[in-house]
Amino acid sequence: MTSDAPVIVWLRRDLRIADNPALQAAVARGAPVIPLFILDEDTGWPLGGAARWWLNGSLTALAAKLAKLGTTLIMRRGAPDKVLRAIVQETGAATVLWNRCYEPAVIARDKAIKSDLQKGGISAESFNGALLFEPWELKTQAGNPFKVFTPFWRTAVSAPAPRKPLPAPKKIHGYGGKVTSDVLTSWKLPPVKPDWAVGLRDTWIPGEAAAQDHVDKFHEETVTEYVKSRDIPGETGTSRLSPYLAFGEISPHQVWHQANHWEPGAGQAGFMRQIIWREFSAHLLYHFPQMPEAPLRPAFADFPWTRDKKALRAWQQGHTGYPIVDAGMRQLWHTGWMHNRVRMVVASFLVKHLLLPWRTGEDWFWDTLVDADLANNAANWQWVAGCGTDAAPYFRVFNPVLQGEKFDGDGAYVRRWVPEIAGLPDAWLHKPWEAPDMELKKAGVVLGKTYPAPIVDHKTARIRALAAFKKIRTGD
DNA sequence: TTTTGAGTTGTTCGA
DNA sequence: GTCGAACAACTCAAA
């Protein structure tokens, strides 16, 4: 009799069919399955604009896939405890299954929900579908969480191998009764006025199928050159898997297992290392839940940040006068994504050249990135700012001109995103303010008019940053 | 408990 | 143009 009671699979950041432990467990019970997505806008960090756009596409793809398999995705908005209780009531479901999320606020919410459900006689169980290793599994010999990546990596790769991915169910036993679902469009996830998502639509296809396409393409075309090409923003030298991983349209297990079977080499190893970086960030957030809001090194509480709103706006809009920085910020705004190398350059620029708080950068990335992930975002901003556990040394100030010349020597990236200076020869492209008047004229560039003059002087800003960082060391 | 070696992605300066 | 050192000190993780 209980086997006929439906099972609710509460989908969250695991918007996929394959390698979905909660879904798999539900199907295995033989009972009708009710896949449910709840839009919870009150727990933790509310989704940023770009992520909301992505979610819309993800849910559309997921609903279509579930329909093909014989069931219907139910979508509701509201407080998850209330929604779950309502659906249990409506359907007589006896079980709720989900895959764990590891953000502090979500952990707390889910814990309360689990105990509430169980108190009400409903079976509730959670699974790991998001991490190769549980955050409490990898420990130093002294039993502490890792704070340094390299030993974390060594421990991860010598630990028992993560489980193999689960196959996608071929058929899902749908629920015959009636359950009401919101209409996705009523959530108004994508922007309307102004419609800033044009570039996102041109760049991305959310969903499980596209995620696997990215893995295949990366394997076929990119991985052997990865070590070098991953640093060249003008090329497609990276996997671009981040948004798919962030929404769980592919699992790290699927990626890890496939990569493990590729031909061994520096590219393969380097890529797998990046997957472990994702784990590292998630583990850090689990053990240091304050990471998104507060510097992990307490000394940074007193850092003399500036609050220059005009500079912040110039950075956000890609009008700093440093071409590589502006190119990155515009790529971000246009596509919801930025190349890894350039993320470092723009982040260093915000924190060190402009001395703006890393939290302002974190907030902007959170709102504009389709791959916005609380753990990665926080860990990486803290790394750049130097206040993380395993952070960049204070004297590492990226020189945006050198970075441009080194990694975008042919100017492909800057010319694509900063077209108003595209006519400049390579020699001046990354430092237009040094170009001879004649070259500027030929390229149709009028500094301060068609393209901004640098908002800070590199040398001056560097000295200022070093002085500021020295202050928190000595406590002067 | 103490010691030891090491720590994602850089820049600048002077020889 | 190339190369090595300095830029700091601290904390982490394992031996």
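Order of the sequence lines sets the chain letters (A, B, ...), proteins ahead of strands, with each chain counted from 1. These values consider heavy atoms only, across backbone and side chains, with no hydrogens, waters or symmetry-generated copies.
If you measure from atom CG of A:Asp231 to atom P of B:dT9, you get 11 Å, rounded to the nearest angstrom. Rounded to an integer number of Å, the gap from CZ of A:Arg154 to P of B:dG5 is 14 Å. Atom CD1 of A:Ile463 and atom C1' of B:dC13 are 13 Å apart (whole Å). Taking atom CD on A:Gln141 and atom P on C:dC12, their separation rounds to 16 Å, with Å as the unit. For the pair A:Phe469 CZ and B:dT11 P, the computed distance is 15 Å after rounding to whole Å. In this structure, A:Phe395 atom CZ and B:dG7 atom P are separated by 14 Å, rounded to whole Å. For A:Leu296 and C:dC10, the CG to P distance is 19 Å, given to the nearest whole Å. Straight-line distance from the CG atom of A:Leu284 to the C1' atom of C:dC12: 13 Å, rounded to whole Å.
One finds the CD1 atom of A:Ile250 at 9.5 Å from the OG atom of A:Ser239 (value rounded to the nearest 0.5 Å).
Dashed line: the shortest gap from a side-chain N or O of A:His458 to OP1 or OP2 of B:dT12 is under 4.0 Å. Close to C:dA8, at under 4.0 Å from its OP1 or OP2, lies a side-chain N or O of A:Tyr394. Taking side-chain N and O atoms only, A:Arg462 has no distance below 4.0 Å to OP1 or OP2 of B:dT11. Applying the 4.0 Å criterion to OP1 and OP2 of B:dT12, one finds that A:Asn399 has a side-chain N or O inside that range.
Comparing the same atom, P, in B:dG14 and in C:dA8 gives a spacing of 15 Å after rounding to whole Å. Of the P atoms belonging to C:dA9 and B:dG10, the separation is 22 Å, rounded to the nearest Å.
Salt-bridge check for A:Asp195 with A:Arg201: passed, with a basic side-chain N closer than 4.0 Å to an acidic carboxylate O.
Looking at the side chain of A:Thr140, the nearest of the listed nucleotides B:dT9, C:dA13, B:dG10 is C:dA13. The listed nucleotides are B:dT12, B:dT9, C:dA13; the one nearest the side chain of A:Leu402 is B:dT12. The side chain of A:Gln403 approaches B:dG10 more closely than any other nucleotide in the set C:dA14, B:dG10, C:dA8.
Judged purely by distance below 3.5 Å, without hydrogens or angles, the side chains of A:Arg100 and A:Ser126 pair a donor atom with an acceptor atom. Using modelled atom types and a 3.5 Å distance limit, the side chains of A:Tyr451 and A:Asp326 yield a donor-acceptor pair.
With a 3.5 Å ceiling on both atom-pair distances, the Watson-Crick or G-U wobble partner of C:dC12 is B:dG5.
At the heavy-atom level, A:Arg341 lies under 4.0 Å from base atoms of the strands shown. When heavy atoms are screened at a 4.0 angstrom cut-off, A:Asn340 is found touching base atoms of the nucleic acid.
Judged by the 6.0 Å distance and 45° axis criteria, A:Lys352 is positioned over the aromatic ring of A:Phe469.
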